[in-house]
Amino acid sequence: MHELSEWRKMQRIEWYLQSKIERALERLSYPKLAYSFDIPKIETHGDLSVNLAMLLVKEVRQNPRQIAQQIIDNLDIDSAHIEKAEVAGPGFINFFFSPQYLQKTVSNILEEGNQYGRQDFGKTQNAQVEFVSANPTGPLTIGHGRQAVLGDTIANFLEWAGYSVTREYYFNNAGRQMRILGDSVKLRYEGLLGKATEFPEDYYQGEYIVDIARKILEKHSDAFLNRPDKSLDIFKDSAETYIFEDIKGTLQRLGIQFDVYFNEKDLYDSGEIEQVIRLLKDKNLAYEKEGALWFRSTEFGLDQDRVIVKSSGEPTYRLPDIAYHRDKFERGFDLIVDIFGADHIATYPDVLAGIKALGYDDSKIKVLIHQFVTLYQGSEKVKMSTRRANFVTLDELMDEVGVDVTRWFFLMRSMDSHLNFDLVLAKSQSDENPVYYNQYAHARICSILRNAAEKELSYKNEVTLQRLEHLYEFQLIKKLLEFPTVVERCAREFTPHQLTQYLSEVSTAFHKFYTECWVLTTDKDLSQARLALCLATKTVLANGFTILGVAAPESM
RNA sequence: GCGCCCGUAGUUCAAUUGGAUAGAACGCUUGACUACGGAUCAAGAGGUUGGGGGUUCGACUCCUCCCGGGCGUACCA
């Protein structure tokens, strides 16, 4: 990995200002404390703003505006970067970028190209992201879709932050649900062969069960009819095989590739389940009561102890979950990200307690809980349940609106929010979806570049960038400048929706520039400079699209 | 009952984690190309941030009490 170049330090001009401010504080012998940089909402408030003076009031016991002025007086800032710094409002220090700095930004974005926006803070660290983790009992639904896209994109962000990332899918193909699944297929199989039996309500109702039964029938004819013996695992196993094939196909279509599919069963085969039990017992953190084995989770702040092995001898889900996370630690991950739906909210404190009990650092685990997708058909709410087969599959959604819209839609909202997904709206108004707005900006730039090539115009000389001085040019450059900061924030805080929002702002700034500033003119230097700005914009949009996993079309 | 999430414009959602005058999109009203893609741009209307109290220079954000919605609260996963 390369070290930060001089430019990259400047690219995050906050870092430059930070060191200058620090020195000023030393000179004034003011205490150092944590403050923040803001991008003001109002243009007259400058390009960057610092609230430091107001925070110093208690320590310094002076008027915050005076403090701010003293800090400014002791700043030794290069006017090639910052044109001016001034006190404003209750004591903000507002900084204004210089034109030279903004012009230089364009050429430097072009230099960094598809690396622009990458970060170093995860360098040499390994991260694991676990998501989807749906058991193979049916096709992926829209609910899974949100998690799949979130997980994949968060993994992308971590890669852009420098981490080496493992995408992992955890599943369990034993258990009661899988038995019911196998029995459901068996009944359908028998039904196809004319044996009329009642199909229980709590069995899997979906049409895909019949499809699987039909495939078995095609392959093996009636070989498994009237065979109530144990070999009937064929139904369960076939179901698992076919369904997993289907799930993987859906994920692939979404552009998602897992590095590891982790089967819960392996934790039993490898003895890790037993090891966890023994370790807990050795530490006196597990005890027998009423025929069950309990984990002393109250030692770790939980409201009551939890059963980890039932009196029947069967482990509860907690035990393999804990063993699985121990396995993650043993594989040496520095950062472990778990993505769950809101329905799993109650389970993760048990896992964290278990991990702590085993002596691992639970602060390495980041649990992300996303809220549900509520599906609407117009104004009518659709209840989803895999077993009742009352759902819209992820594949069906992609058939309707395409992959890019699907991904963007799931990413554009905070994961803390319930996502209302109106199918009618998504289908009928897909042309007005924000993803097209952004892709259109990209396609438009490509079109300009094609026209430029025909006219034999291209960006060659950095000196021409001085010609960029229109208000809309500066506004666009300032937006492009934010990209690395946005990527960092998204990666640190696991908030992909902030990138979708940011990219829309970039597109808006570009469309305004496009409307006001003609790119291909008879003034060759100006054309060059504006072409460079187009290229820089294209770079940011394309890099953003790459992270989000949507296409950057040359034309639409 | 308890835990977590949510409540912001007609609708769907943001708000750089405590900052300055709460912003977008859709929808609605009115405008803009004899040239780079009109899937665009400009202007307008639209708000007591669910409600009360508190913390401070400053609150959509933090604390507290209500109201409303979602998800949980197993020796189910």
Side-chain angles (χ1 to χ4, degrees), chain A residues 36-42 44-45 49-51 54-55 57-58 63-64 88-92 94 133 135 137 172 175-178 264 289-294 303 306-318 320-321 341-349 369-372 374 412-422 425 429-441 443-452 454-455 457 482 485-486 489 493 495 497-498 500-502 504-505 507-508 510-521 527 530-531 534 555-556:
Chain A
S36 60
F37 283 91
D38 262 359
I39 297 174
K41 293 168 200 146
I42 300 169
T44 55
H45 291 164
S49 175
V50 158
N51 62 353
M54 276 112 79
L55 301 174
V57 166
K58 279 173 208 144
N63 180 318
F92 292 103
N94 293 338
S133 294
N135 289 337
T137 58
N172 175 15
R176 201 175 102 242
Q177 292 308 320
M178 290 301 289
E264 180 185 314
K289 191 178 97 181
E290 296 161 0
L293 185 67
W294 294 70
D303 57 340
R306 311 287 188 193
V307 171
I308 51 176
V309 180
K310 300 185 235 176
S311 48
S312 66
E314 236 183 321
T316 63
Y317 62 89
R318 291 183 192 96
D321 277 0
D343 55 338
H344 281 65
I345 191 87
T347 71
Y348 81 89
I369 305 283
H370 67 89
Q371 298 300 311
F372 285 151
T374 311
M412 64 190 284
R413 309 262 125 104
S414 155
M415 73 175 92
D416 288 336
S417 286
H418 296 251
L419 181 58
N420 287 331
F421 197 121
D422 184 348
L425 208 70
Q429 301 198 337
S430 60
D431 276 8
E432 289 168 15
N433 194 293
V435 67
Y436 292 119
Y437 179 78
N438 285 279
Q439 289 182 322
Y440 181 67
R444 205 174 214 186
I445 292 169
C446 293
S447 174
I448 294 172
L449 295 176
R450 283 191 297 269
N451 289 326
E454 263 177 43
K455 296 183 180 181
L457 279 169
E482 284 178 43
T485 312
V486 172
R489 201 167 75 226
E493 298 170 7
T495 50
H497 72 281
Q498 290 177 328
T500 63
Q501 195 160 324
Y502 164 77
S504 291
E505 289 165 10
S507 296
T508 297
F510 174 74
H511 286 307
K512 280 187 183 191
F513 156 77
Y514 174 90
T515 306
E516 287 294 318
C517 304
W518 208 258
V519 177
L520 305 177
T521 68
S527 300
R530 288 182 171 167
L531 275 172
C534 286
S555 62
M556 295 171 66

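Convention: sequence-line order gives letters A, B, ...; per-chain numbering from 1. This is a predicted model, so every value here is computed, not measured.
The nearest pair of heavy atoms linking A:Pro320 to A:Thr316 is CD-O, 3.1 Å.
Under 4.0 angstrom from either OP1 or OP2 of B:rA74 there lies no side-chain N or O belonging to A:Lys310. An OP1 or OP2 oxygen of B:rC13 is reached within less than 4.0 angstrom by a side-chain nitrogen or oxygen of A:Asn420. OP1 or OP2 of B:rA15 lies within a sub-4.0 Å distance of a side-chain N or O belonging to A:Gln498. Between A:Thr374 and B:rG70 there is no side-chain N or O to OP1 or OP2 distance below 4.0 Å. Between A:His511 and the phosphate of B:rA42, there is no side-chain N or O to OP1/OP2 separation shorter than 4.0 Å. Side-chain nitrogen and oxygen atoms of A:Tyr437 include at least one within less than 4.0 Å of the OP1 or OP2 phosphate oxygen of B:rC41.
Summarising the geometry, the separation between CG on A:Asp343 and P on B:rG72 is reported as 6 Å, rounded to the nearest angstrom. B:rA77 atom P lies 11 Å from atom CG of A:Asn135, rounded to whole Å. Summarising the geometry, the separation between CD on A:Glu505 and C1' on B:rA15 is reported as 10 Å, rounded to the nearest angstrom. Computed from coordinates, the A:Leu55 CG to B:rU17 P distance equals 12 Å when rounded to whole Å. Between A:Ile39 atom CD1 and B:rU16 atom P there is a gap of 12 Å when expressed in whole angstrom units. In this structure, CD1 of A:Ile42 is placed 14 Å from C1' of B:rA15, rounded to the nearest angstrom. At whole-Å resolution of the value, NE2 in A:His370 and P in B:rC5 are 16 Å apart. With rounding to whole Å, A:Tyr436 atom OH is found 19 Å from B:rG38 atom P.
Distance noted for atom P between B:rU16 and B:rC60: 12 Å (whole Å). Spacing of C1' atoms, B:rG23 relative to B:rU61, comes out at 15 Å, to the nearest Å. For the C1' atom pair drawn from B:rC13 and B:rU55, the interatomic distance equals 30 Å after rounding to whole Å. Taking atom P on both B:rC4 and B:rU64, the two are 10 Å apart, rounded to the nearest angstrom. Rounded to whole Å, the P atom of B:rC66 lies 30 Å from the corresponding atom of B:rC75. Rounded to a whole angstrom, the distance from the C1' atom of B:rA22 to that of B:rU48 is 13 Å. Taking the C1' atoms as reference points, B:rA9 lies 23 Å from B:rG19, given to the whole Å. Only the P atoms considered, B:rA45 is 32 Å distant from B:rC62, to the nearest whole Å.
Considering only heavy atoms from C-beta on, A:Pro64 stays 4.5 Å or farther from A:Phe92 through its side chain. Counting only heavy atoms from C-beta outward, the side chains of A:Leu531 and A:Val519 approach each other to under 4.5 Å. A heavy-atom distance below 4.5 Å is found between the side chains of A:Arg450 and A:Ser555. Side chains of A:Thr495 and A:Gln498 form a contact here, defined as non-hydrogen atoms less than 4.5 Å apart.
In this structure, of B:rC76, B:rG38, B:rC71, it is B:rC71 that holds the atom nearest to the side chain of A:Ile345. Residue A:Pro90 places its side chain closer to B:rG19 than to any other of B:rA77, B:rG19, B:rA74. In this structure, the nucleotide among B:rG70, B:rG19, B:rC75 sitting nearest to the side chain of A:Phe92 is B:rG19. Side-chain proximity of A:Ser417 to the nucleotides B:rA39, B:rC13, B:rU21 is greatest for B:rC13. Candidate nucleotides B:rA14, B:rC75, B:rA20 were compared by shortest atom distance to the side chain of A:Val307, and B:rC75 ranks first. Candidate nucleotides B:rC57, B:rC71, B:rU73 were compared by shortest atom distance to the side chain of A:Ala346, and B:rU73 ranks first. Closest to the side chain of A:Lys512, out of B:rC71, B:rC41, B:rC75, is B:rC41. Here the side chain of A:Tyr440 is nearest to one of B:rC75, B:rC5, B:rG37, namely B:rG37. Ranking B:rC75, B:rA20, B:rG72 by closeness to the A:Lys41 side chain, first place goes to B:rA20.
Taking syn as a glycosidic angle within 90° of 0, B:rU17 qualifies as syn.
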Restricting both atoms to N or O, compile the protein contacts to nucleotides 32-36 of chain B shorter than 3.5 Å, with distance only.
unit_1, atom_1, unit_2, atom_2, d
B:rC36, O3', A:Asn451, ND2, 2.9
B:rC36, O2', A:Asn451, ND2, 2.4
B:rC36, O2, A:Leu520, N, 3.2
B:rC36, N3, A:Val519, N, 3.0
B:rC36, N4, A:Tyr514, O, 2.6
B:rC36, N4, A:Cys517, O, 3.2

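Judged by the 6.0 Å and 45° rule, A:Arg444 forms a cation-pi pair with A:Tyr514.
Separation of atoms OG1 (A:Thr508) and OH (A:Tyr437) is listed at 3.0 Å; rounding is to 0.5 Å.
Across all strands shown, B:rC4 pairs with B:rG70; the Watson-Crick or G-U wobble distances both stay below 3.5 Å. Across all strands shown, B:rA9 forms no Watson-Crick or G-U wobble pair with both distances under 3.5 Å. Look at B:rG19: its Watson-Crick or wobble partner, with both distances under 3.5 angstrom, is B:rC57. The base-pairing partner of B:rG44, taking Watson-Crick or G-U wobble contacts with both distances under 3.5 Å, is B:rC28.
Within the 4.0 angstrom heavy-atom criterion, no nucleotide atom of any strand lies near A:Thr521.
Heavy-atom distances to RNA chain B give each of A:His45 and A:Val57 a nearest nucleotide, and the one nearer the 5′ end belongs to A:His45.
With hydrogens and angles ignored, no donor-acceptor pair closer than 3.5 Å exists between the side chain of A:Glu482 and the base of B:rU16. On a pure distance criterion of 3.5 Å, no polar donor-acceptor pair joins the side chain of A:Asp38 and the base of B:rA15. Donor-acceptor pairing under 3.5 Å, judged by distance alone, is present between the side chain of A:Glu290 and the base of B:rC75. Not a single donor-acceptor pair, N or O on each side, falls under 3.5 Å between the base of B:rA77 and the side chain of A:Thr316.
Atom NZ of A:Lys289 has more than 12 heavy atoms from other residues, nucleotides or ligands within 6.0 Å.
Under the 3.5 Å distance criterion, the side-chain polar atoms of A:Arg318 are left unmatched by any main-chain donor or acceptor of A:Thr347. Of the possible polar contacts, none joining the A:Ser417 side chain to the A:Leu419 backbone as a donor-acceptor pair under 3.5 Å is found.
Ring geometry for A:His370 against A:Phe372 counts as perpendicular: the plane angle is over 60°, on a 0 to 90° scale with 30° as the lower cut.
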